[in-house]
Amino acid sequence: MILTIKYFGMLAEVTECAEETITFSESTVSELLKMLLAKYPALEKKEFQVAQNQTLVSEDAQILNSEIVLLPPFAGG
Amino acid sequence: MNKERKPKAVFIEGAISAEFIGNSIAKHQTKTTIGAHDIFLGQVRADIIDGKTIKAIEYTAYEDMANEKFHEIREATFEKFNLTCMHIYHSLGKVNAGEICLFVFVSSPRRVEVFNAIEYLVNTIKEQVPIFGKEIFEDQSHQWKVNS
């Protein structure tokens, strides 16, 4: 499946892009993260959460949507 | 006008002006069941970190999720407290030190409700809404804001 991955804030600095498309053949968030960490080792040191369908998901969640978003710590206000 | 509560626009480009806040207060003079307003204003601080002063914060957000979250938080706050009305505005883009980046305004017949609602609202916004702040120093270097 083709996924669009979006990166915000400091994460976009690490990946040097705000979004990209990747081909993903496995099923869970943790499998996707493993792939992204291999591509961007510097992500390992960053704190972030993953959102799917505009909702935060855990690492064992299934990837059901074609858009996955990586969010650094929230800093509103 | 549709009376159903639809997601309202929260994000404003740049700083929130004193005029905007003043006008918002003035618009409530016709709502005479209100006996108490409470307002929270978030202002950008010129923190000094390792000898460098923060000049501005540049805000970005995952807007789709942020708008959804603001709507959820609004609905939850109306459920929890007896409020007549509620307004939330947050800046996107650059806001200089000393300028306002968050404006939260709640109104109710009675004061106890607004005191409790404003604290709940501001804390929940900071915790749950995907907004990010790039703190820009005078020399144009930057660091990422972390809420404490």
Side-chain angles (χ1 to χ4, degrees), chain A residues 1-22 24 28-30 32-33 35-37 39-77, chain B residues 7 10-12 15-16 40-45 47 54 57-73 88-92 95 99-104 118-136 141-148:
Chain A
M1 127 170 88
I2 305 284
L3 298 180
T4 300
I5 316 288
K6 292 190 175 178
Y7 305 100
F8 281 88
M10 67 179 77
L11 304 179
E13 289 183 344
V14 170
T15 60
E16 295 178 331
C17 67
E19 67 173 84
E20 64 180 333
T21 55
I22 60 161
F24 182 65
T28 65
V29 170
S30 69
L32 173 65
L33 291 182
M35 191 175 159
L36 294 177
L37 289 173
K39 188 170 179 186
Y40 306 108
L43 275 184
E44 191 88 60
K45 291 194 209 86
K46 302 290 178 190
E47 194 188 324
F48 62 86
Q49 295 176 288
V50 180
Q52 171 169 252
N53 286 327
Q54 283 129 54
T55 306
L56 298 176
V57 290
S58 67
E59 288 202 14
D60 51 14
Q62 298 287 314
I63 305 263
L64 305 166
N65 195 283
S66 62
E67 184 181 290
I68 301 293
V69 185
L70 268 60
L71 301 168
F74 300 169
Chain B
V10 168
F11 289 118
I12 287 184
I16 301 166
F40 176 86
L41 300 175
Q43 175 168 299
V44 173
R45 249 191 343 260
D47 277 354
I54 291 175
I57 297 181
E58 197 178 291
Y59 288 100
T60 51
Y62 175 27
E63 287 187 59
D64 292 346
M65 180 175 162
N67 284 319
E68 182 89 8
K69 271 283 159 200
F70 274 124
H71 182 62
E72 268 176 46
I73 294 169
I88 305 168
Y89 297 98
H90 198 294
S91 296
L92 281 185
V95 182
E99 293 182 325
I100 303 296
C101 56
L102 173 62
F103 170 30
V104 181
I118 201 97
E119 188 174 8
Y120 171 81
L121 252 181
V122 174
N123 290 342
T124 311
I125 290 168
K126 285 186 172 252
E127 236 172 72
Q128 297 188 0
V129 185
I131 297 172
F132 316 104
K134 188 181 187 177
E135 297 175 322
I136 302 165
S141 61
H142 72 268
Q143 68 171 25
W144 291 90
K145 179 174 183 276
V146 178
N147 278 350
S148 50

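Residue numbers start from 1 in every chain, and the chains themselves are labelled A, B, ... in the order their sequence lines are given, proteins ahead of strands. Worth knowing before you read on, the calculation uses all heavy atoms, side chains too, and leaves out hydrogens, waters and symmetry mates.
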Study note, to complete from the structure: With chain A, the option among A66(B), P130(B), S148(B), S91(B) that has the most non-hydrogen atom pairs under 4.5 Å is P130(B)

Practice item. Using the six-membered ring wherever Trp is involved, compare the ring planes of F8(A) and Y62(B) and label them parallel, tilted or perpendicular (cut-offs 30° and 60°). Key: tilted

**Study point:** For G76(A) against N147(B), the heavy-atom pair lying closest together
**Key:** O-ND2, 3.1 Å

Review point. Heavy-atom distance under 4.5 Å to chain A: side chain of Q43(B), backbone, both or neither?
Key: neither

Check your understanding: Measuring from M10(A):CE to K134(B):NZ, what's the distance to the nearest 0.5 Å?
Key -> 11.5 Å

Exercise for review: Go through the structure and list residues passing salt bridge (charged side-chain N to carboxylate O under 4.0 Å, His left out) with E58(B), not counting sequence neighbours.
Suggested key: none

Study note, to complete from the structure: Honestly, the part of I131(B) sitting under 4.5 Å from a heavy atom of chain A is both

Point to revise | Region of P72(A) in contact with chain B, defined by heavy-atom distances below 4.5 Å | key: both

Review point. A18(A): what forms a side-chain contact (heavy atoms from CB on, under 4.5 Å) with it, not counting sequence neighbours?
Key: none

Review point. Using non-hydrogen atoms only, which part of K126(B) is less than 4.5 Å away from chain A: side chain, backbone, both, or neither?
Key: both

Check your understanding: chain B heavy atoms under 4.5 Å from E47(A): which part of the residue, side chain, backbone, both or neither?
Key -> neither

Practice item. Pick whichever of T60(B), D64(B), L102(B) has the most heavy-atom pairs under 4.5 Å with chain A. Key: D64(B)

Exercise for review: May I ask you to test the M65(B)-L56(A) pair for a side-chain heavy-atom distance under 4.5 Å?
Suggested key: yes

Revision key, fill the gap. In terms of heavy-atom contacts, F74(A) and Q128(B) come closest through CE1-O, 3.5 Å

Review point. Which atoms of A61(B) come close to chain A, meaning under 4.5 Å heavy atom to heavy atom: side chain ones, backbone ones, both, or neither?
Key: backbone

Point to revise | Side-chain (K145(B)) to main-chain (G77(A)) donor-acceptor, under 3.5 angstrom | key: yes

